[in-house]
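All residue numbers refer to positions in the sequence shown, counting from 1.
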Amino acid sequence: MNTRPYTWSRRQWILLISALLLPLLAGAHTIEGSDANFVQAIDGPAIGPFIYLGAKHMVTGFDHLLFLAGVIFFLYRPRHIIQYVTLFAIGHSLTLLFGVLADVRVNAFFIDAIIGLSIVYKAFENMDGFERLFGFEPNTRIAVFIFGLFHGLGLATKLQEFNLSENGLVTNIISFNLGVEIGQILALFCVFIALSMWRTNASYLRHAFATNTVLMTGGFLLAGYQFSALLQQQTY
């Protein structure tokens with residue numbers, strides 16, 4: 001009789017973690033419950049509450065956080081992290097503000113699918129996929145900025161689901177964006193601390209490929225989920 005304990009393969013662990021990520025990714029960046037009721041009812045400037053909503057939105061936005069985790073995965077110097085995160089912040093701030101204030105309407109499912117593919121892109125880059133398959137390395141800074149634009153549109157589509165009052169709209173959207181930046185800094189600080197602690201262990205580089213495989217799989221699952229929802233929407 002075989003009494004050896006059953007050990008999971010790397011592929012099984014990736015599938016399990018990806019399956020656990022899907023519900024989180026599918027529900028990322030929604031404004032609902034009491035927060036939704038508040039947004040609907042507000043009439044006039046509400047700086048503090050909108051900063052809180054923006055920060056909460058980012059901290060619970062697992063799709064954005066996975067992308068940013070991929071961005072800083074191999075960044076060791078704080079100044080490099082600041083450079084990349086600043087490019088991302090400029091990108092998503094531009095499209096968030098412009099999207100809401102100019103009432104630029106984009107299909108939310110399509111944008112969320114692109115956000116999922118941004119996770120795939122960054123994980124693939126971290127795995128040296130472009131160099132191995134195509135023999136070149138894309139400009140990461142430009143890519144992070146461009147994906148930041150899409151992430152900002154994703155934020156804008158969520159706010160556009162509500163009939164926002166014109167009274168204090170500019171102040172509230174800027175406050176929301178400020179909250180997003182605060183939430184991003186807090187979340188990234190936690191991610192950076194966790195990565196820094198892991199980097200002291202030899203398993204960091206040994207499991208880097210598998211970790212980015214999980215990121216890529218999660219991105220594919222999110223993109224597939226959103227594309228299927230888009231197709232279903234087009235059917236009706």
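- The salt bridge (charged side-chain N to carboxylate O under 4.0 Å, His left out) test applied to R132 returns no partner, not counting sequence neighbours.
- Applying the ring-ring contact (aromatic ring centres under 6.0 Å, His included) test to every pair with at least one member in residues 93-117, sequence neighbours left out, gives no pairs at all.
- Partners of F124 according to the ring pair (Phe, Tyr, Trp, His ring centres under 6.0 Å) rule, which considers only residues two or more places apart in sequence or in another chain, are F130.
- Shown here are the side-chain contact (heavy atoms from CB on, under 4.5 Å) partners of L65, two or more places apart in sequence or in another chain: M58, A187.
- In this structure N172 satisfies the side chain to side chain donor-acceptor pair (under 3.5 Å) test with no other residue, sequence neighbours excluded.
- Contacts classified as side-chain hydrogen bond (donor to acceptor under 3.5 Å, both in side chains) and involving residues 191-204 (residues at least two apart or in different chains) are given here: W198-S203, R199-Y204, N201-S203.
- Here I173 pairs with L97, V100, L101, L159, L164, L169 under the side-chain contact (heavy atoms from CB on, under 4.5 Å) rule; sequence neighbours left out.
- Pairs engaging residues 85-104 under the salt bridge (charged side-chain N to carboxylate O under 4.0 Å, His left out) rule: D103-R105 [sequence neighbours left out].
- Residues forming a side-chain contact (heavy atoms from CB on, under 4.5 Å) with Q83 (at least two apart in sequence, or on another chain): R79, H80, R141.
- Counting side-chain heavy-atom gaps under 4.5 Å among Ile, Leu, Val, Met, Phe, Trp and Tyr, the cluster of M197 also holds F189, I193.
- Listed by chain and number, the hydrophobic cluster partners of I182 are I47, I51, L178, L186, where partners are ILVMFWY side chains within reach of under 4.5 Å, directly or through others.
- E181 meets the side-chain contact (heavy atoms from CB on, under 4.5 Å) test with A89, H92, S93, N177, Q184; sequence neighbours excluded.
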